[in-house]
There are 2 protein chains.
Amino acid sequence: MNKLNDDVLHISQDCGNCPIRHRAVCARCESDELEQLEEIKYYRSFEAGQTVIWSGDRMDFVGSVVSGIASLTQTMEDGRTQMVGLLLPSDFVGRPGRMAAAYDVVATTDMVMCCFRKKPFELMMEQTPHIAQRLLEMTLDELDAAREWMLVLGRKTAREKIASLLSIIARRDATLKLDGMQGPLVFDLPLTREAMADYLGLTLETVSRQMSALKRDGVIELQGKRHVTIPDFSRLLNEAGDDADGGIMA
Amino acid sequence: MNKLNDDVLHISQDCGNCPIRHRAVCARCESDELEQLEEIKYYRSFEAGQTVIWSGDRMDFVGSVVSGIASLTQTMEDGRTQMVGLLLPSDFVGRPGRMAAAYDVVATTDMVMCCFRKKPFELMMEQTPHIAQRLLEMTLDELDAAREWMLVLGRKTAREKIASLLSIIARRDATLKLDGMQGPLVFDLPLTREAMADYLGLTLETVSRQMSALKRDGVIELQGKRHVTIPDFSRLLNEAGDDADGGIMA
DNA sequence: CGGCCCGTTGATCGAACTCAATTCGCGTGG
DNA sequence: CCACGCGAATTGAGTTCGATCAACGGGCCG
């Protein structure tokens, strides 16, 4: 918690130094627009496991994930839950124009959010096209990701689902590190087995079994439960049922 | 085919009389903006089963479904396919700023599209905020629908999946007819059993079996293979695993 | 009439679920 | 320091739901 507060202080108010400055909803803003945003923004930090907002709750802010990871989940009355979004740094939370949250938002790791008061943000959106433009672009990207995930949920086997999730996390991690993807990829899983199960529409036992199977078959290596090494990325892509050729897909 | 061409001629050029005028991407346009759009638009008709565009193909238009239904599908190399979108009248096709189609688009019924040449449309989007605003709104709605569908794909049983699909189609049909949803709902399924299976992540045999089971249990009535009667909508919602109370959900 | 498409139904199989026991890692308190 | 407890993860045994393979029925058109 102290650590988190330090982070918040450290990030402070300056959009210019923000780590997600050029990827978030504010990416296209000019400096005067940033100044406007700074007046309606504030930071909030969450510990791993903490709930940001419950589905149906009134939501008087929107915002961006600055660091850490959050998940968007839907739950049925009998308790079955499905993750419908994985929010990474720079991803946007909330929907302008909507009163209530449509999903549960939970921090899966310690997390910092840059929040904008909703009303003034909506006003700004009407006036400055840069924000709406960027939000449209980001929403279209999310829609593509959601559709990609529908294929995973609807048609892939448990093994392929795990491989798909690992390859997505690995790819993201590699791009963050500006890794050319040469050599083995190494990263930490930001999700518990249960969260992976919720994302993939599986049970946690099946997730565990398939992780063990991929390890046994040499597709992945595990140091501890969370630290993963991918010796051959194209092999993993193959297991995911995606086209193998290491090419970056559309 | 003759029927289709008649439709096209009938719709002709006048945006003012367009059946989707107030719901499509052009919903918020002023009359001068509509005039601009009319200069870059043209109609195309497709017969049931015809492919509008293949994934990966260069796409030099975007557009709206005017009448009929189209589906967005993704296919793996081994032939497994997943429908990732069901395009109804007023829904938007294509992504501004993207060169190639990301999905296969297929007409599942006879269909008419209002197409805009892509380059000029993109230019208009930059100049007139009304279009981008509406497109953002529509994209956010689609994202919500996709996430709703992820819950269906990931966590619902075959029976619940069928009930979910039927309730969505029934609800849409009722709103089109401005039906207050009192009394039994009656509609025609616009999808083959196979298309339903592709949407739901099932096989067509399972779809057929569950349709028979719902009929046997009195949840639905079938006249022929496509004509459906829902005697008790809240019962159907219950079978779908959604909250039963006939209320209109968020 | 025969072929074709769409849909239904039956029999069997297997992948993933469920229930249950056990292990691992880690912090906490005696 | 070790014992203890707890949550996360693994592994096993048995069951089940939906997939697969296969046969059959009905409507439509040539």
Side-chain angles (χ1 to χ4, degrees), chain A residues 1 47-50 76 78-82 106 108-109 152-166 188-217 220-228 239 241, chain B residues 1 47-50 76 78-82 106 108-109 152-166 188-217 220-228 239 241:
Chain A
M1 189 60 180
E47 295 178 70
Q50 212 180 334
M76 296 170 66
D78 61 7
R80 282 177 281 177
T81 75
Q82 174 67 49
V106 178
T108 62
T109 65
V152 173
L153 289 172
R155 293 301 186 192
K156 291 196 178 180
T157 65
R159 185 181 174 101
E160 288 169 335
K161 285 179 174 181
I162 299 287
S164 297
L165 178 56
L166 291 176
D188 281 299
L189 273 177
L191 302 175
T192 65
R193 298 288 186 265
E194 189 180 19
M196 292 173 70
D198 283 345
Y199 204 156
L200 298 167
L202 297 171
T203 60
L204 66 90
E205 293 97 327
T206 298
V207 170
S208 186
R209 272 184 250 276
Q210 297 298 335
M211 288 288 288
S212 299
L214 288 175
K215 177 181 168 189
R216 174 169 37 72
D217 298 345
I220 63 174
E221 288 159 25
L222 287 175
Q223 291 85 39
K225 289 148 188 334
R226 299 293 194 87
H227 199 73
V228 182
E239 293 285 353
Chain B
M1 191 55 181
E47 295 179 69
Q50 210 179 335
M76 295 170 67
D78 61 6
R80 283 176 282 177
T81 74
Q82 175 66 49
V106 178
T108 63
T109 66
V152 173
L153 288 173
R155 293 301 186 192
K156 292 195 178 181
T157 65
R159 185 180 174 101
E160 289 169 333
K161 285 179 174 182
I162 299 288
S164 297
L165 178 56
L166 291 175
D188 281 298
L189 274 177
L191 302 175
T192 64
R193 296 290 185 266
E194 189 180 18
M196 293 173 69
D198 282 346
Y199 205 157
L200 296 166
L202 297 171
T203 60
L204 65 92
E205 292 96 328
T206 298
V207 170
S208 185
R209 270 185 254 276
Q210 297 297 336
M211 288 288 288
S212 299
L214 289 175
K215 177 181 168 189
R216 173 168 39 71
D217 298 343
I220 63 175
E221 288 159 23
L222 287 175
Q223 291 85 40
K225 290 143 191 337
R226 297 294 193 89
H227 199 71
V228 182
E239 292 285 355

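Naming convention: chains lettered A, B, ... in sequence-line order (proteins, then strands); numbering from 1 in each chain.
Applying the side-chain contact (heavy atoms from CB on, under 4.5 Å) criterion to B/Lys215, with sequence neighbours excluded, gives B/Ile220, B/Leu222. Contacts of A/Val106 classified as side-chain contact (heavy atoms from CB on, under 4.5 Å), with partners at least two apart in sequence or in another chain: A/Thr51, A/Ser71.
In this structure, A/Arg155 places its CZ atom 16 Å from C1' of C/dA16, rounding to the nearest Å. In this entry the distance linking CE of B/Met196 with C1' of C/dC6 reads 13 Å, nearest Å.
With hydrogens and angles ignored, the 3.5 Å screen pairs no side-chain donor or acceptor of B/Arg226 with any backbone N or O of B/Asp188. In this structure a side-chain-to-backbone donor-acceptor pair under 3.5 Å is missing from A/Gln223 to A/Val228. Within the 3.5 Å criterion, the main-chain N or O of A/Val152 finds no donor-acceptor partner in the side chain of B/Gln82.
Crowding of A/Glu194 atom CD: a count of heavy atoms from other residues, nucleotides or ligands under 6.0 Å not exceeding 12.
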Decide side chain to side chain contact (heavy atoms under 4.5 Å, CB included) for A/Arg193 and A/Lys225; before the verdict, give the C-alpha distance in whole Å, the side-chain angles of both, and the deciding distance to 0.1 Å. CA-CA 9 Å; A/Arg193 298 288 186 265; A/Lys225 289 148 188 334; 4.2 Å; yes
Across nucleotides 7-14 of chain C, 5' to 3', mark each nucleotide with B, S or - according to how protein heavy atoms within less than 4.0 Å reach it. SBBBB---
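Closest heavy-atom contact between B/Leu153 and A/Gly154: CD2-CA, 4.2 Å.
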Show the atom names and distances, to 0.1 Å, of all donor-acceptor pairs under 3.5 Å that link a side chain in residues 206-214 of chain A to residues at least two apart or in another chain.
residue: A/Thr206; atom: OG1; partner: A/Thr203; partner atom: OG1; Å: 3.0
residue: A/Ser212; atom: OG; partner: A/Ser208; partner atom: O; Å: 3.1

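Using a 4.0 Å heavy-atom distance criterion, A/Gly201 is classed as a sugar-phosphate-only contact.
Interface residues of residues 156-165 of chain B facing DNA chain C, ordered by number: none; criterion, heavy-atom separation under 4.0 Å.
Residues in residues 154-163 of chain B take part in these salt bridge (charged side-chain N to carboxylate O under 4.0 Å, His left out) pairs, two or more places apart or across chains: A/Arg80-B/Glu160, A/Asp198-B/Arg155, B/Lys156-B/Asp242, B/Arg159-B/Asp217, B/Arg159-B/Glu239.
Contact footprint of chain A on DNA chain D: nucleotides with an atom under 4.0 Å from a non-hydrogen protein atom, first to last in 5' to 3' order, D/dA9 to D/dA13.
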